[in-house]
Amino acid sequence: MDSLRRRFELFLEQRNFATEALGALEARTGVEKRYLAAGAVTLLSLYLLFGYGASLLCNLIGFVYPAYASIKAIESPNKEDDTVWLTYWVVYAVFGLAEFFSDLLLFWFPFYYAGKCAFLLFCMTPGPWNGALLLYQRLVRPLFLKHHAAVDSAVSQLSGRVLDVAAGVTRDVLRALARGRALVTPAVVTEVPTALEGNPPPSSSPPQKGK
């Protein structure tokens, strides 16, 4: 319990979007940041447990702030924060893939969205206890190092086959268009049409002048 409190206080001492917002509220209300943060966490937990639209709120928490922090990391000259947020998005993608196949079962658990939100907050927590870094080092990276050669080979073969199929389809479509154009275009008329009947041909002799 003391370690969690210490981590919570260290998080409040860091400079980020959440702590800056809490600092502004502390300056206006006079209430300490730790109490404001504890109240916000409590209200968020209650809403995720009993509120309407908990799925949307949970997805916003897991996407909006990480996207904002990722843009800041791209624009900053420091590359360490780029690695942190790239790792988060890799873990987020793996979690989203696993959730896609298990959502129909986990949806009926009463504390599902609260647990999901807590997991996403754990993954984006700054510091050495960052959940995304821990999961990447212990789960994602070993699987990647074990199977990445086979995956690269399969992707290369699949991309080659897709390109061959696309080239064949494009060639067949162009041939079909050429055949259709040849059928629709009329033949060029080479014979000169005869003169209309009833119109005498013009005289070749010049007209005479009257004396």
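Hydrogens, waters and symmetry mates play no part in the numbers below; they use all other heavy atoms, side chains included.
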Between [X] and [Y], is there shared hydrophobic-cluster membership here, with clusters defined by ILVMFWY side-chain heavy atoms closer than 4.5 Å?
X	Y	answer
V90	L134	no
L121	L135	yes
L174	V169	no
M124	Y68	yes
Y65	Y92	yes

> Which heavy atom in C117 sits nearest to a heavy atom in C58, and how many Å separate them?
Replying inline: N-SG, 3.5 Å
> Do F63 and W89 make the cut of ring centroids closer than 6.0 angstrom?
Replying inline: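 F63 vs W89: aromatic centres under 6.0 Å.
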> Between Q137 and T87, does a side chain to side chain contact (heavy atoms under 4.5 Å, CB included) hold up when you go through it step by step?
Replying inline: CA-CA 10 Å; Q137 293 293 337; T87 305; over 6 Å; no
Distance check, rounded to the nearest 0.5 Å: [X] atom [atom1] versus [Y] atom [atom2]?
X	Y	atom1	atom2	answer
Y113	L56	OH	CG	10.5 Å
L57	I61	CG	CD1	4.0 Å
Y112	E99	OH	CD	3.0 Å
F95	L97	CZ	CG	11.0 Å
L133	Y88	CG	OH	12.5 Å

Anything under 3.5 Å between a donor and an acceptor, one on a side chain of residues 139-154, the other on a protein residue two or more places apart or in another chain? List them.
none

>> Between K72 and W85, is the side chain to side chain contact (heavy atoms under 4.5 Å, CB included) condition met? List the steps.
In response: CA-CA 10 Å; K72 289 186 64 177; W85 290 110; over 6 Å; no
>> Once side chain to side chain donor-acceptor pair (under 3.5 Å) is applied, do any residues pair with D81, and if so which ones, sequence neighbours excluded?
In response: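 Scan of D81 (side chain to side chain donor-acceptor pair (under 3.5 Å), adjacent residues dropped) gives S76.
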> Checking N130 side chain against C123 main chain: does a donor-acceptor pair fall under 3.5 Å?
Replying inline: yes
> With ILVMFWY side chains joined below 4.5 Å, transitively, what does I71's cluster contain besides itself?
Replying inline: none
